[in-house]
Amino acid sequence: MIYPRSRIFTIHHNAIIASHTGNTSATALRTVTIPAGAMGANGGVRITGLFSYPNNGNNKTLSVLFNGTVIYNIVATTTVHNRFQISVHNRNSVSSQVAAPNGLNGGWGQTTGALVTASHNTDTTAIPIVFRTTLGSAADTVNLEYSHIELFTSGG
Amino acid sequence: MSLTVLSKRGAAMQAALFHARKRRFTRLQMAPENNILFHHNATSAVGTATTSLEALRTVTIPGNIVPPNGEIRITAHYSMTNSANNKTISMKFGGVTVMSQVFTTATNNRFQFALALRNSRASQVGGQGTGGWGTSTSAVQNRTIDMTQNQDVVFEATKASAGETLQLEYSMIELINFDAHTNRDWSLKPR
């Protein structure tokens with residue numbers, strides 16, 4: 001059987017380090033745009049990445065945003081890296097999305113957090129995926145070691 | 001796309017096919033085949049009654065098959081005897097141990113490990129050496145494995161008690177053949 005409209009493929013992959021230091025403002029390390037119309041009503045995106053940072057008591061906030069909606073948000077302190085895989089899925093509508101709770105460390109396993117839902121129109125809006133960090137101390141450095149985005153397209 | 005390419009000429013042919021499909025994708029507004037399931041085997045690989053390290057399965061990644069901005073993603077599942085004795089799951093790539101974790105009172109472990117190429121077939125970055133997710137105190141793995149040459153992925157097992165079980169239930173290897181030249185998104189168009 002052939003599913004001509006059901007595919008998974010990579011639309012972004014970058015293992016060149018993107019770094020931030022020097023201030024405590026929320027700062028985008030990398031932005032990747034999902035073209036309008038790419039996802040479809042039953043499509044989605046799977047986002048994988050790796051942040052690294054210094055091991056100390058200062059907060060290092062690691063975030064990923066889907067057109068402004070925070071879909072990953074971890075505050076790291078005394079560790080040195082965070083590897084994650086998260087996904088956003090259209091719910092039989094180009095204007096309805098669901099994702100796992102954004103505080104789920106690594107994006108896998110169990111949590112008591114609330115699901116993330118959103119209503120971005122992925123047919124008419126180009127969706128920026130932003131890998132972002134906020135430093136508790138301007139002296140620290142957060143690196144995005146690599147980022148990978150896969151697109152699901154489904155006939156539903 | 002052929003997955004049995006071993007020679008430089010074969011790699012060049014693969015690249016030509018890859019770019020031809022990319023052009024066709026643009027023309028037909030369809031996806032390119034850049035997520036490739038290179039290996040999948042769900043036949044149990046069972047070791048012998050020994051406490052020595054055993055290679056349960058070896059898969060060879062042909063040289064030059066992964067582009068300089070690509071990735072190799074490995075997923076596997078082991079089952080084991082639930083006991084207080086150590087059971088060590090490990091994996092080598094290019095002769096280097098890239099993943100290792102010790103288990104005792106557990107019956108299963110599923111992991112996913114990835115090495116992303118840093119704009120070079122001789123520079124890779126990977127996450128946790130346990131195949132886990134989330135925060136870790138382990139350093140990021142920076143590797144210099146020469147992926148212009150054939151390199152083996154070896155799924156390994158070591159038991160502290162020879163009579164126990166530690167077996168590979170399935171293994172899967174994906175190659176992320178992202179555009180080797182531009183390292184940026186393809187121009188997708190609405191369907």
Side-chain angles (χ1 to χ4, degrees), chain A residues 4-17 32-40 43 46 48-53 55 60 62 74-86 94 104-109 122-124 126 129 143 145-153 155, chain B residues 21-22 25 28-37 66-71 73 75 110-120 123-143 174-180 182-191:
Chain A
R5 296 183 64 202
S6 300
R7 307 287 294 271
I8 301 177
F9 56 100
T10 293
I11 61 167
H12 161 81
H13 186 269
N14 191 338
I16 305 298
I17 293 175
V32 179
T33 301
I34 309 298
M39 286 174 65
R46 180 165 58 191
T48 308
L50 176 66
F51 288 104
S52 67
Y53 41 83
N55 183 342
K60 280 82 62 175
L62 318 169
I74 297 296
V75 179
T77 54
T78 55
T79 52
V80 298
H81 78 251
N82 183 279
R83 177 174 177 246
F84 65 92
Q85 188 175 80
I86 53 181
V94 296
L104 185 58
N105 192 3
W108 292 85
T122 60
D123 251 8
T124 59
I129 306 291
N143 302 312
E145 297 280 346
Y146 79 86
S147 51
H148 180 198
I149 300 179
E150 296 159 279
L151 178 66
F152 314 147
T153 62
Chain B
R21 284 184 169 156
K22 178 185 169 187
F25 155 65
L28 300 179
Q29 300 176 2
M30 290 179 66
E33 295 179 16
N34 59 3
N35 276 25
I36 296 174
L37 181 58
V66 182
N69 289 293
E71 178 178 315
R73 183 163 61 186
T75 307
R110 174 176 176 259
F111 70 87
Q112 186 177 85
F113 177 83
L115 276 179
L117 281 68
R118 276 196 155 139
N119 205 30
S120 163
S123 176
Q124 302 92 22
V125 60
Q128 298 181 18
T130 59
W133 298 89
T135 50
S136 171
T137 55
S138 303
V140 165
Q141 295 193 46
N142 288 296
R143 301 296 181 188
E174 297 164 276
L175 304 180
I176 310 302
N177 279 10
F178 191 63
D179 191 319
T182 63
N183 194 29
R184 62 188 182 191
D185 300 350
W186 275 315
S187 177
L188 304 181
K189 295 180 179 178
R191 289 195 308 233

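Labels below follow one simple rule: chain letters A, B, ... track the order of the sequence lines, proteins then strands, and each chain is numbered from 1. Every heavy atom of this structure was used, including side-chain atoms; hydrogens, water molecules and symmetry mates were not.
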Verdict with reasoning, Thr135(B) to Asn105(A), per side chain to side chain contact (heavy atoms under 4.5 Å, CB included)
CA-CA 7 Å; Thr135(B) 50; Asn105(A) 192 3; 3.1 Å; yes

For the pair Thr137(B) and His81(A), evaluate side chain to side chain contact (heavy atoms under 4.5 Å, CB included) and give the outcome as yes or no after the intermediate values.
CA-CA 7 Å; Thr137(B) 55; His81(A) 78 251; over 6 Å; no

I'd like to know whether Leu50(A) forms a side chain to side chain contact (heavy atoms under 4.5 Å, CB included) with Val140(B), so could you lay out the CA-CA distance, the side-chain angles of the two residues, the decisive distance to 0.1 Å, and finally the verdict.
CA-CA 9 Å; Leu50(A) 176 66; Val140(B) 165; 4.1 Å; yes

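Distance CG/Asn119(B) to CG/Asn14(A): 8.0 Å, rounded to 0.5 Å. The distance from the NE2 atom of His148(A) to the CD atom of Glu71(B) is 5.5 Å, given to the nearest 0.5 Å. In this structure, the separation between OG on Ser136(B) and CZ on Arg83(A) is 10.5 Å, given to the nearest 0.5 Å. In this structure, Tyr146(A) OH and Gln124(B) CD are separated by 12.5 Å, a value rounded to the nearest 0.5 Å. Atoms CH2 and CG, on Trp133(B) and Leu104(A) in that order, are 11.5 Å from each other to the nearest 0.5 Å. The structure places NE2 of His13(A) at 10.0 Å from CG of Asn35(B), a figure rounded to the nearest 0.5 Å.
For Thr48(A), the part lying under 4.5 angstrom from a heavy atom of chain B is the side chain only. With a threshold of 4.5 angstrom between heavy atoms, Ala116(B) approaches chain A through its backbone and through its side chain. For a residue to count as touching a neighbouring chain, one of its non-hydrogen atoms must lie under 4.5 Å from one of that chain's; by this rule Glu150(A) touches chain B with the side chain only.
Here the closest non-hydrogen pair linking Glu145(A) and Val125(B) is OE1-CG2, 3.8 Å.
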